[in-house]
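Quick one: the structure is below, questions incoming.
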Amino acid sequence: MEELKNYGHQHPLLMLNEEQLLGNGNGVVDCSRCGEKVSAPCFSCVECCGFYLHRICAEAPLELNHPFHRHHPLLLLQNPPYTSDTRCVCDFCNEACEKFIYHCSCGLDFHIKCALFTFNIAERNLKELEHVALEDPSFSSKNDGGNLGKCFACWEPLAIDTYFSLDCGFNLHKKCAELPPKMGHVCHRKHPLLLQFNSERLSCKICQVTQQRGFLYGCSTCNLAIHIDCLSPLPVIEDKSHQHPFTLFWRQIPFICDACGTEGHHVAYECCTCSIMVHKKCISLPRIIRHVYHVHRVFHTYFIHKEYSESLNCIWCHEVVDTEYGSYFCADCNVIFHVNCALKEKEWYCIVSQENEDDKSLDIPVNSITKVLETNDAGEATLIEHCKHRHYLMLSDKISEHGDKCCDGCLLLISAKFYHCMRCDFFLHKSCAELPKMDLILDHRCVGKPFSGSKSFILTSDCMFECDICGYLSNGFSYKCNECGIHRCVQCATLQNDVKIPGHKHPLLFYYDYEEQCSGCGTDISCAFRCKDCNFHLCNLCVLRPTRVRHKCDQHILALTYDKVNDYLEYHYCDICEENKDSKNWFYHCETCDTSAHVDCVLGKYPLIKLGSTYNEGDHPHPLTFVKKFPYYPECVECGKSCEDLSLECAEPGCKYIAHWECRKSAIRGRC
């Protein structure tokens, strides 16, 4: 037996053959370095502590100078050097790295077997491939997409050439295993191109696509990269998205792609019949897609007709689209996307097949007002039946008579015109009363499912729910997904991509990818409602902040304030928590009493739960009512502390039950 003192383990290791491995009586064991099943010859701990290593893993050098990465050595680490919430992925096979890895300070990570296998390819040491039969892609069952359907070197489909498929899980085109380490090319005559890993995450000079894994040819001096497949492009390409073939042209000067409107270099494909020139990647652009930003299908077009000659802004990035080049366009609504904006995030669109062009999902919404009983001279419904209330509702604009009442739909204070019940305490904003019974939500994807178009949401009430956008708990109206059952409060469900708020003179447009600090609350945000004309940007929550609220700290209604009222130091404190108040952030203020308070202190943890509404879940025999006791604070029957926050009180006369909502919720969860 060969004995080895090995890195990463405190005891000596012994080499085992197959008979000795099976004789240990441990059955199938995993390698302590790579985590895969161990096969002989391998190493085992002499102290029988369950430590096993493949021979290749045991003999892996602590430092590897890899020919495909000449700038820095790869260091063998016991664990990925990242925080627990960061997933480490191998830059060759694209699988997760969980144990020992080779790591470079520039961000490259490899499994041990991947680093050593690619090292052997670079050194032309192809003994591993000598006895592996070549597979014909036309007969292979492995050409099924995902990692199994791609070559690990060029990440192109296996179907384009014969390939090796090793027992260890690697797929490799024969041509990619035999690539020269250095070559010259017409696209870069200054220096030779070297076969290497894409450690700089550069986009290809020819196709402009960034390939994260595998090999490519690059010039470190010029910071240039070219994909293996782009070095020898096909002379003619046909695709079902266009009726004519595209022919290859090598170009000395840049060109503008007619399909996407962005610049191209060196390699262009031209349809001589239609006189259009495109990138290789744009030949196969989907003709029709559904996108989360628009309710209708959008069609790829190479230009917009003259009747749409007015300036059109992309609905995603809000910049002007040059209509002389390709875009995705909805002619019914004049909605337009840059091609690269429409296809930027795969989870935000789906391709519509040519055979399924009927738009069957766009049914006309059904109004939740089931019957109009009376109208005024202006044609407004003044007395109605509503699907969410059993009594008639009357239209009113007398806010002074009901100014402290909340809408049962959105849970905000009533304002402008509203409907109210003459027989019970039920109120609805006119806009909430007119919400459709069913609505199409564009940006929802059920968990575990890809985006497949707009989802039907049903208007619901009389239940507790947590909004999947703002995260608030509510017992108002919600829209519920027919498929996965998630809820959205009506404010989030009806929020548009362009909004106007009272505190700003310009409209705010939604930007999906925008990192800044919110101008309303100061928190860091990664997407925002942003003003194009000035340095102003808001998070979703601040856009939805109620402009008028009531709080026990003041007898008057508090108004959301966007600028500091004065510069006196005493007004820089919150009158509720008595802590400092950042004058740059929004706050609630009463002009009559000079009361000022943090937004979160006023709204509290449960701003969307209506006080006085009934809660029937749990095992209490009587209905419970949501209350906030002030100034008298009875003891909670669950924890014994004073009920100063949101509580549930028994509505039955003579029953003294009262408990914090948090305690009640925890007690119910504990019994489930």
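Start at 1 with the first residue, then count along the sequence. The figures that follow rest on heavy atoms only: side chains count, while hydrogens, waters and symmetry mates do not.
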Any donor-acceptor N/O pair, Ser474 side chain to Leu608 backbone, under 3.5 Å: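 Checked: pair present.
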
Pair Trp316 + His291: ring centers closer than 6.0 Å: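 Yes, the ring centres sit under 6.0 Å apart.
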
Under 3.5 Å: donor-acceptor pair, side chain of His227, backbone of Trp155: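 Here the side-chain-to-backbone pair does not exist.
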
By ring pair (Phe, Tyr, Trp, His ring centres under 6.0 Å) - contacts of His66 (at least two apart):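 If we apply the ring pair (Phe, Tyr, Trp, His ring centres under 6.0 Å) test to His66, skipping adjacent residues, the hits are Phe68, Phe119, Phe197.
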
Atom pairs and distances, donor-acceptor, side-chain atoms in residues 337-351, under 3.5 Å, two or more places apart:
{"unit_1": "His338", "atom_1": "NE2", "unit_2": "Val320", "atom_2": "O", "d": "3.2"}
{"unit_1": "Trp348", "atom_1": "NE1", "unit_2": "Tyr512", "atom_2": "OH", "d": "3.3"}

For His487, ring pair (Phe, Tyr, Trp, His ring centres under 6.0 Å) partners two or more places apart: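 His487 satisfies ring pair (Phe, Tyr, Trp, His ring centres under 6.0 Å) with Phe465 only.
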
For Ser220, all residues meeting side-chain contact (heavy atoms from CB on, under 4.5 Å), sequence neighbours excluded: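 With sequence neighbours excluded, Ser220 shows a side-chain contact (heavy atoms from CB on, under 4.5 Å) to His71, Gln196, given in chain and number order.
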
Carboxylate-amine/guanidinium contact Lys37 Asp30, below 4.0 Å: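 Judged by the 4.0 Å cut-off on N to carboxylate O distance, Lys37 and Asp30 do form a salt bridge.
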
Neighbour count >12 (heavy atoms, 6.0 Å) for atom NZ, Lys281: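 Enclosed.
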
Short side-chain to backbone donor-acceptor contact, Ser519 and His537, under 3.5 Å: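 Between the backbone of His537 and the side chain of Ser519 there is a qualifying donor-acceptor contact (under 3.5 Å).
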
Pairs touching residues 196-221 that satisfy salt bridge (Lys or Arg N to Asp or Glu O under 4.0 Å), sequence neighbours left out: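 Sorted result for residues 196-221: Asp91-Arg201, Asp91-Arg213.
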
Residues that Phe510 engages under ring pair (Phe, Tyr, Trp, His ring centres under 6.0 Å), provided they are two or more places apart: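 Phe510 satisfies ring pair (Phe, Tyr, Trp, His ring centres under 6.0 Å) with Phe529 only.
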
Distance-minimising heavy-atom pair for Cys97 and Val89: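 Smallest interatomic distance, heavy atoms only, reads SG-C, 4.0 Å.
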
Backbone of Phe43 reached by a side-chain donor or acceptor of His54 within 3.5 Å: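 A pair under 3.5 Å: no.
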
Residues that Leu234 engages under side-chain contact (heavy atoms from CB on, under 4.5 Å), provided they are two or more places apart: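 If we apply the side-chain contact (heavy atoms from CB on, under 4.5 Å) test to Leu234, skipping adjacent residues, the hits are Ile237, Tyr269.
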
Closest non-hydrogen atom pair between Ile289 and Val352, with its separation: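 Nearest heavy atoms, Ile289 then Val352: C-CG2, 4.0 Å.
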
Residues which pass side-chain contact (heavy atoms from CB on, under 4.5 Å) with Leu179, listed by chain and number, not counting sequence neighbours: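 Expected list: Cys176, Leu195, Tyr217, Ile228.
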
Phe170 six-ring face occupied by Lys113 cation (under 6.0 Å, within 45°):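 Yes; both conditions hold, so Lys113 lies above the ring face of Phe170.
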
Partners meeting ring pair (Phe, Tyr, Trp, His ring centres under 6.0 Å) with His185 (sequence neighbours left out):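 By the ring pair (Phe, Tyr, Trp, His ring centres under 6.0 Å) rule, His185 matches Trp250.
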
Pairing residues for Asp229 by the side-chain hydrogen bond (donor to acceptor under 3.5 Å, both in side chains) criterion, not counting sequence neighbours: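 If we apply the side-chain hydrogen bond (donor to acceptor under 3.5 Å, both in side chains) test to Asp229, skipping adjacent residues, the hits are Lys280.
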
Under the side-chain contact (heavy atoms from CB on, under 4.5 Å) test, residues paired with Leu509 that sit two or more places apart: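 Result, side-chain contact (heavy atoms from CB on, under 4.5 Å) vs Leu509: His318, Asp498, Tyr511, Lys532.
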
Exceeds 12 heavy-atom contacts within 6.0 angstrom, atom CD of Gln517: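 Atom CD in Gln517 is crowded, with more than 12 foreign heavy atoms closer than 6.0 Å.
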
Charged tip of Arg33 within 45° of Phe100 ring normal and under 6.0 Å: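 Satisfied, under 6.0 Å and within 45°.
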
Partner set under side-chain hydrogen bond (donor to acceptor under 3.5 Å, both in side chains) for Glu98, not counting sequence neighbours: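 side-chain hydrogen bond (donor to acceptor under 3.5 Å, both in side chains) list for Glu98, sorted by chain: empty.
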
Which atom of His173 lies closest to which atom of Pro157, heavy atoms considered: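 Heavy-atom minimum between the residues: NE2-O, 3.0 Å.
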
Main-chain N/O of Tyr102 paired with His111 side-chain donor or acceptor, under 3.5 Å: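 It does not hold such a pair.
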
